[in-house]
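Heads up: the structure comes next, in structure tokens.
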Amino acid sequence: MAEPPTSAGSYSSDEMMTVTAARCLQDGQVCFVGIGLPSEAANLARLSHAPDVVLVYESGTIGTRPEVLPLSIGDGELAETADLVVGVPEIFAYWLQAGRIDVGFLSAAQIDRFGNLNSTVIGPYDQPDVRLPGGGGAPEIAANAGEVIVMLRQTPRSFVAEIDFVTSIGFGRDGRGRAGARGAGPTVVITDMGVLKPDQVSRELTLVAVHPGVEVDAVRRATGWELRIADVVEVGDAPTREELGVLRDLKERTRLAHSG
Amino acid sequence: MAEPPTSAGSYSSDEMMTVTAARCLQDGQVCFVGIGLPSEAANLARLSHAPDVVLVYESGTIGTRPEVLPLSIGDGELAETADLVVGVPEIFAYWLQAGRIDVGFLSAAQIDRFGNLNSTVIGPYDQPDVRLPGGGGAPEIAANAGEVIVMLRQTPRSFVAEIDFVTSIGFGRDGRGRAGARGAGPTVVITDMGVLKPDQVSRELTLVAVHPGVEVDAVRRATGWELRIADVVEVGDAPTREELGVLRDLKERTRLAHSG
Amino acid sequence: MAEIASLGDVIGDLVPDGSIVAMEGFTHLIPFAAGHEMIRQRKKDLTLARMTPDVIYDQMIGMGCARKLIFSWGGNPGVGSLHRFRDAVENGYPHPLEIEEHSHAGMASRYAAGASGLPFGVLRGYAGTDLVEHTRVAAISCPFTGEALVAVPSLSPDVTVIHAQQADRRGNVGLWGITGVQREAVLAATASIVTVEEVVDELTAQGPNHVVLPSWTVTAVAPVPGGSHPSYSMGFSTRDNAFYTRWDRISRDREVFARWMTEFVMETPDHASYLARIGDEDG
Amino acid sequence: MAEIASLGDVIGDLVPDGSIVAMEGFTHLIPFAAGHEMIRQRKKDLTLARMTPDVIYDQMIGMGCARKLIFSWGGNPGVGSLHRFRDAVENGYPHPLEIEEHSHAGMASRYAAGASGLPFGVLRGYAGTDLVEHTRVAAISCPFTGEALVAVPSLSPDVTVIHAQQADRRGNVGLWGITGVQREAVLAATASIVTVEEVVDELTAQGPNHVVLPSWTVTAVAPVPGGSHPSYSMGFSTRDNAFYTRWDRISRDREVFARWMTEFVMETPDHASYLARIGDEDG
């Protein structure tokens, strides 16, 4: 998955996304993780500054400590290294719905300015141009996790003014509310260009930081609406040597474990 | 618990009750069992004519084969010899409520002519003369088991015209219905004097058999209402030597296991 | 993360007077030591929830710890009545006891709803029973089929107390055998206390139905070997059936009861000395 | 009591055309062999229920077995799209596919309600999603607090098919590791089929989360070693991740797909010969 190094230096934009997300996790937090970048970020956090972060996967594995990254949500590695394994009805009822998850990670095909996510269809639901996989665990993660961290590469096709379908609620199409959902919703959106956070009042996603070497205008051009920019846009810290080392070791172990 | 032998011969009336109840169980039936005579009867059936009867106890033990009778619903013996052990919410939701139980055994302090049972209070609920233990699993066993076998010693104080409290439904105080309960309700009431069954039409309990040496008039006198008598009252078969042997061995094993 | 501390400190810190307390354990793993410690600390005005009050709540009710009881079966298993419970309900001694009574299925559904973060549970229950007029249930109908069912309110105690076989040094808890409604009662509660037979490096199932409660779902763990007596802990002890039979005589008379509680609980500083005195009596 | 029989006979007897079929297994223990046998027997008009359709339903949909799909996530895990599923939904090929879509939490609640003998389940779900306008959910309010929640209809398949590690000779089934929603799917169904890696004298847990299904809750058991390939069976096989990647290319093109299904499924008499051909290709 690693991309060629960017102008920003000897790390990929995916690595910058992953490191930025990992830094958002605090030690001891209970984290509902999906496959891909979220899994990389959560395990990077666990292997660096947050050794006691509790990783929960929707396959029913709680407190898992995989040596290598799972390729699927249900890899044996997750069960073998878990504090406990429970059934899927229980993971959603007793653990997610009950409010035991501090942080949920989500991605999607489309996001709008109020952090609503679409992973269901492009085009009309009954006559889709592209049928996407659908919500899976996302609608209830968005509703019931204490807060949600969104990880999504930023392009005009993914950051759109109007998403075709609300799979998972952010602050609602009009930004007016969470439709009764208990969690705080998306508190941060991490892209390959920077970091967006909802405005305290309007809830509209606002660019608060860019990754090293990324121009604010470039982020604006990669956004399908008139992007709101913070008065002060910070520049994120590049990945440290230690962060890159842990992440790359993890991915190399994973490559070796899953090759052949 | 064994009583002195009755005039009917060298077995006690409790033994006759237990043997009569055991004979009601067919091989392969799934049976929800309580402590005491029901547990003796169900295990006698399992150790004699119904080796594949499945015994379920409300403590969550399913398919148990105890070597000795449990003294409490949660004896370790039940867990050690079970096909599986589940939590209490599950035993009531996935197993009893789902309709997986063919036969439930119940007893009570009082029964009325329509097979409704009281195990809650004697006297008014808020100012009871005698506060009984209460329903426990009985209300849902009465409602959701395929059929219910009632075991209860017959006296004018236990067989009453009006029970003080309906803990578990039979056919309703007026005999008109089961209040939406799915199971067939009480199909047989086994006492220390004989066997009663609900009339096909009126649902009123009717004496269909007496134990050897018991007079119909004696049963009538032991009943707190004008007892309905079948046109032909059969005389139950006395326990066979084999039935008594299995039952007494079981109780002797139990005595030895729990003494000292 | 659960802290590992002494039973006395834990009960002192986490069980203020007036709390809604659930102490679960279905015949097996009943947390007697924790109940005795609440009696020693003279806890008052507790709302006690438990499917089967058993001897543990008979003792706490008789000693005046309870204002209210939430339960579904109040007997001495295999023996008969709970005399202190009956004396409170029938005669208001040592003081009146408010009761909220359910069926087992209803109680289990209430805890499961609490553990699931739902305000109510649904069941096929209470059909045709007079309980309906005396407890907290409501009719509910299926929005798809119109079928009539019963709803019960979720039960979320201030603190749930259980006894388990093992905890590891990080405070993860393991129990096995008959585990009743303990997992739901812990997950439904605001705080939870687990007394354990032993603290080990690694949790190891030594029987069927291994239930694990992660450290972060438990507030405090207190090592109390034999903490379930006269109940039992599969793999560590057997049920003291003789005690349950003896309790019928002890609890029948107010004075005999009071003397027994003084001798075996109030005058024993901790559970180890309680067990020592019980042992002397048995021997 | 479950009968132990051949997969071919069991699928022939218990899965008539038009059935509502649930084949569960959450990444782990997916009953591929049973799916292939349904394809070989040219089953038609099936309503296929499964939380994660995965490659198994992509194959069955592409081969025209399905009239309707009930699901919550329709992708190729870690790879991308299910192209046969997409072709059916986007282009009606090989014929139109009706879909009923839920969230994972909703599907799990539906199976759990079915297993519990309830007509509906309640959850905090579907909040603010457009799914509500396109699927079967209903608003329900708590009769005690008035809180607004969501109800989903119970899901009770005509037949549920799962793959497990073990059965004993009496037909009791044991599985462990990630067990997903299989227990609920079996207990919710009218009939159930379990393919197993091995038949043993005694069930023995060889991993966490041991789930046992008593023989009398299972209709038929069919021994099919390797029956979960390209999924895996903890303790017996590992996931064939390369196959899942390869499937993206195979399934993208209608002709390539048809040829692959002919060669590996239609022309192999049973699962053993399927595995042999897959092995040759891998080697």
Side-chain angles (χ1 to χ4, degrees), chain B residues 35-36 57-61 70-76 78-80 82 84-93 96-97 116 118 120-121 125-140 142-144 164-170 172-173 177-182 258 260, chain C residues 25-28 51-52 71-82 85-86 89-90 101-109 111-112 115 123-131 133-134 147-149 176-184 207-209 211 231-232 234-235 238-239 241-242 244:
Chain B
I35 294 305
Y57 289 80
E58 67 188 11
S59 51
T61 56
L71 294 195
S72 86
I73 205 82
D75 276 20
L78 295 176
E80 285 151 9
L84 71 160
V85 181
V86 302
V88 162
E90 181 180 326
I91 202 75
F92 284 103
L96 177 59
Q97 179 174 271
N116 304 295
N118 172 24
T120 302
V121 286
Y125 185 83
D126 297 320
Q127 287 296 325
D129 304 321
V130 180
R131 172 64 224 201
L132 303 165
E140 283 72 30
N144 296 322
D164 294 358
F165 192 94
V166 177
T167 306
S168 308
I169 187 158
R173 282 188 182 273
R178 300 256 305 140
R182 293 173 121 191
H258 293 306
Chain C
F26 203 87
T27 304
H28 181 215
M51 291 178 67
T52 58
F71 75 108
S72 43
W73 190 82
N76 181 341
V79 177
S81 290
L82 293 174
F85 158 69
R86 283 185 57 182
V89 173
E90 295 170 10
E101 184 169 6
H102 285 271
S103 66
H104 278 350
M107 282 291 281
S109 179
Y111 279 121
L123 70 157
R124 297 183 182 279
Y126 299 83
T129 68
D130 290 342
L131 258 182
E133 290 112 61
H134 298 281
E147 192 173 356
L149 297 149
W176 59 83
I178 291 166
T179 58
V181 75
Q182 285 99 300
R183 191 173 52 150
E184 287 74 14
N209 185 38
V211 167
S231 167
Y232 74 106
M234 190 180 196
T238 56
R239 190 168 186 265
N241 292 307
Y244 275 90

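Quick note on labels: first sequence line is chain A, next is B, and so on, each numbered from 1. The structure presented is a predicted model; accordingly, all values stated were derived computationally and were not measured.
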Interchain contact, B:T167 with chain C, by part (heavy-atom threshold 4.5 Å):
backbone
Please find the pair of heavy atoms, one from C:P77 and one from C:R239, that lie closest to each other, and give the distance.
CB-NH2, 3.7 Å
Roughly how far, to the nearest 0.5 Å, is the OH atom of B:Y125 from the CZ atom of B:R131?
5.0 Å
Taking side chain as everything from C-beta outward and backbone as N, CA, C, O, which of these in B:E140 sits under 4.5 Å from a heavy atom of chain C? Side chain, backbone, both or neither.
side chain
Among C:S103, C:G207, C:G106, C:G78, single out the residue with the greatest number of heavy-atom pairs under 4.5 Å to chain B.
C:S103
Quick one: what part of C:S109 sits under 4.5 Å from any heavy atom of chain B, side chain, backbone, both or neither?
neither
Could you tell me which portion of B:A93 (side chain, backbone, both or neither) has an atom closer than 4.5 angstrom to a non-hydrogen atom of chain C?
neither
Any side-chain heavy-atom pair of B:N116 and B:I169 under 4.5 Å
yes
Closest non-hydrogen atom pair between B:P89 and C:A108, with its separation:
CA-CB, 3.7 Å
At their closest point, which heavy atom of B:P133 faces which heavy atom of C:G75, and how far apart are they?
CB-N, 3.9 Å
Measure B:D75 against the heavy atoms of chain C and call it side chain, backbone, both or neither at under 4.5 Å.
both
C:F71, part contacting chain B, at a heavy-atom distance under 4.5 Å:
side chain
Answer yes or no: are there more than 12 heavy-atom neighbours, outside C:E133 itself, under 6.0 Å from its atom CD?
yes
Tell me whether the rings of C:H102 and C:Y126 are parallel (<30°), tilted (30 to 60°) or perpendicular (>60°).
perpendicular
Under 4.5 Å from any heavy atom of chain B - which part of C:A105
both
If you tally heavy-atom pairs under 4.5 Å against chain B, which of C:T238, C:N209, C:D130 wins?
C:D130
Among B:A181, B:G137, B:G87, which residue forms the greatest number of heavy-atom pairs with chain C at distances under 4.5 Å?
B:G137
List the steps, then state whether side-chain contact (heavy atoms from CB on, under 4.5 Å) holds for C:H104 with B:V88.
CA-CA 8 Å; C:H104 278 350; B:V88 162; 5.6 Å; no
Could you look at C:R124 and say if it's the side chain, the backbone, both or neither that has a heavy atom under 4.5 Å from chain B?
both
Check whether B:V130 gets within reach of chain C through its side chain, its backbone, both or neither, counting any heavy atom under 4.5 Å.
both
Chain C heavy atoms under 4.5 Å from B:E58: which part of the residue, side chain, backbone, both or neither?
both
Exam field: side chain C:H134 to backbone C:E101, donor-acceptor pair closer than 3.5 Å:
no
With only heavy atoms counted, which part of C:Y111 is less than 4.5 Å from chain B, the side chain, the backbone, both or neither?
neither
Given C:V79, C:L82, C:L123, C:N76, the one with more heavy-atom pairs under 4.5 angstrom with chain B than any other is C:L123
Honestly, the part of C:M107 sitting under 4.5 Å from a heavy atom of chain B is neither
Heavy-atom check, side chain of B:P128 versus side chain of C:V89, under 4.5 Å
yes
